[in-house]
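Here's the structure we're looking at; comments come further down.
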Number of protein chains: 2
Amino acid sequence: MPRRPDFNGRTLREACLDEAVAIIAESGIESLSLRDVARRLGVSHQAPYKHFPSRDHLLAEVVRSAFDTFAAHLDARPRGATAEADLAALGQAYLAYALAHPLAYRLMFGTRLPDVAAHPAMLHSARHAFALLREALGRMRAEQGARPEPGAMELDALFIWTSLHGLASALQTSAMATLALPPAVLAATLSHTLQRIGAALTAPVPQA
Amino acid sequence: MPRRPDFNGRTLREACLDEAVAIIAESGIESLSLRDVARRLGVSHQAPYKHFPSRDHLLAEVVRSAFDTFAAHLDARPRGATAEADLAALGQAYLAYALAHPLAYRLMFGTRLPDVAAHPAMLHSARHAFALLREALGRMRAEQGARPEPGAMELDALFIWTSLHGLASALQTSAMATLALPPAVLAATLSHTLQRIGAALTAPVPQA
DNA sequence: CGTGCAAAGTTGACAACGTCAACATTTGAA
DNA sequence: TTCAAATGTTGACGTTGTCAACTTTGCACG
């Protein structure tokens, strides 16, 4: 490759990705511009175009990276002894990550990407995260001696995910801010939600 | 007021709002531009500025209108005989509206509005919708003979809302599309989620 | 050891956007 | 009748994404 790629030891491509993440962290996704990335790296406004066909491709890369980090975080959760404890740990890891990295979370699940089909690699790790959940649930069901009804399993996995996602996403919603909830309620919301999800799962499985 | 306001019987202000909704429905929130609104109405690109200080103010108006319609839809739900049935009807009305009007739903809960504090009227109806939920839950608890523990009530109301919102929001997520869920599962998801929420609520209230 | 070619970066241009400023027109109220 | 505020227009500026054409670089190959 011509031209020594040396942006603090990284390729311009990598430097662009890092800078994009920094900009998003500072001022949000909507104000991310390729020109700003280039400006902050001290290169011309067209340099990033040699590495990303468009702004959306850069953004898709950032999202993919966020999914990777997220899935790795879920993988690295403290494994519980029982499958039930493991599922709880998975839920806690999910919510903890969403609250600790709200920008990354919004990036993954709250952003409308303009052409998902054009960026297939982006959502690969998303499938991985859901597979983790399905497996943990399957182990718990097996531990409980329940026969693995695939349809109900899928539905319950979806229920768990959407409930977790709902909490994580609602906590960042503008609408939530106006509810004027007491801080004590907010603090208790996490464990309460996990408790309620657990209660829902221990209820008898509907007519399969 | 000078200059006959006649844009098909509406003020330019109203016409702008209608046109904005139409544009959002056609091509999404992000591609809404004041200039496009003006162009489609056959006025100059500065005309809308006489009625909206900025693009964000126009958008805030649209969001406020969406919240109003949404709250009205919840209010108009078929009231069940028992409080429990009413709560179920509320959940069904919520999900039905979210699925029938995905754009409006994303507009309300999926859009990062740039300065919420600057548009206080926008989220008034959001509070109203949550109050509806809290009331319905309170009636059900009273019907069950449970003493009204305000903290736990609030937590359960939040749980219900976040679960509903999670499903409604996840169904529109790009990530969901890649899970490649069988259509039968998707179709059953709604009632299953409502069932699970109900199961979680009939479980004993945690140590208050 | 030269040499050329493709990768990588630069410069310039264009259209579209939000928004500021200055101007023109209209109409309700004085 | 007149006048001032409301309403709409024209023009401009800085920003953005992106296309096109140019220049520079350094590895591969004769």
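First the proteins, then the strands, lettered A, B, ... as listed; each starts at 1. Because only heavy atoms are used, hydrogens play no part in the values below, and waters and symmetry mates are left out as well, while side chains stay in.
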Q: Could you tell me the separation between the CG atom of A:L32 and the P atom of D:dT16, rounded to a whole number of Å?
A: 11 Å
**Q.** Whole-Å distance separating the CZ atom of A:F52 from the P atom of C:dG9
**A.** 11 Å
Q: Would you kindly give the NE2-to-P distance between B:H57 and C:dT19, to the nearest whole Å?
A: 10 Å
(Q) Can you identify which nucleotide, out of D:dG17, C:dT10, D:dG8, has its nearest atom closest to the A:V43 side chain? (A) C:dT10
Q: Send over the distance from A:L59 CG to D:dT18 P, rounded to a whole Å.
A: 11 Å
Q. Would you say A:H45 reaches C:dG9's phosphate, i.e. side-chain N/O to OP1/OP2 under 4.0 Å?
A. no
Q. How many Å lie between CG on B:D56 and C1' on C:dG18, as a whole number?
A. 10 Å
Q: Could you check how far CG of A:L12 sits from P of C:dA7, rounded to whole Å?
A: 16 Å
Q) Where the side chain of B:R196 meets the backbone of A:A200, is there a donor-acceptor pair that is under 3.5 Å apart? A) yes
Q) Side chain of B:R35, base of C:dT19: donor and acceptor closer than 3.5 Å? A) yes
Q) Have B:H119 and B:D56 got a donor and an acceptor in their side chains that come within less than 3.5 Å? A) no
Q.
Taking the nucleotide of DNA chain D with the nearest heavy atom to each, does A:K50 or A:S33 sit closer to the 5' end?
A. A:S33
Q | Closest to the A:L34 side chain, choosing from C:dG9, D:dG17, D:dT10 | A | D:dG17
Q. C:dG9 phosphate, OP1 or OP2: any side-chain N/O from A:S44 under 4.0 angstrom?
A. no
Q | Nearest-0.5 Å distance that lies between atom CG in B:L137 and atom CD in B:E154 | A | 9.5 Å
Q) In whole angstroms, how far is the P atom of D:dT7 from the CD atom of B:E14? A) 12 Å
(Q) Please enumerate all residues that pass side chain to side chain contact (heavy atoms under 4.5 Å, CB included) together with B:R13, with sequence neighbours excluded. (A) B:T11, B:L17, B:H51, B:F52, B:E61
Q.
Can you measure B:L41 atom CG to D:dT9 atom P for me and round it to whole angstrom units?
A. 11 Å
Q.
Using a strict threshold of under 4.0 Å (side-chain N to carboxylate O), is an ion pair present between B:R40 and B:E26?
A. yes
Q. Within the structure shown, what part of the strands sits under 4.0 Å from A:R13 by heavy-atom distance: base, sugar-phosphate, or nothing?
A. nothing
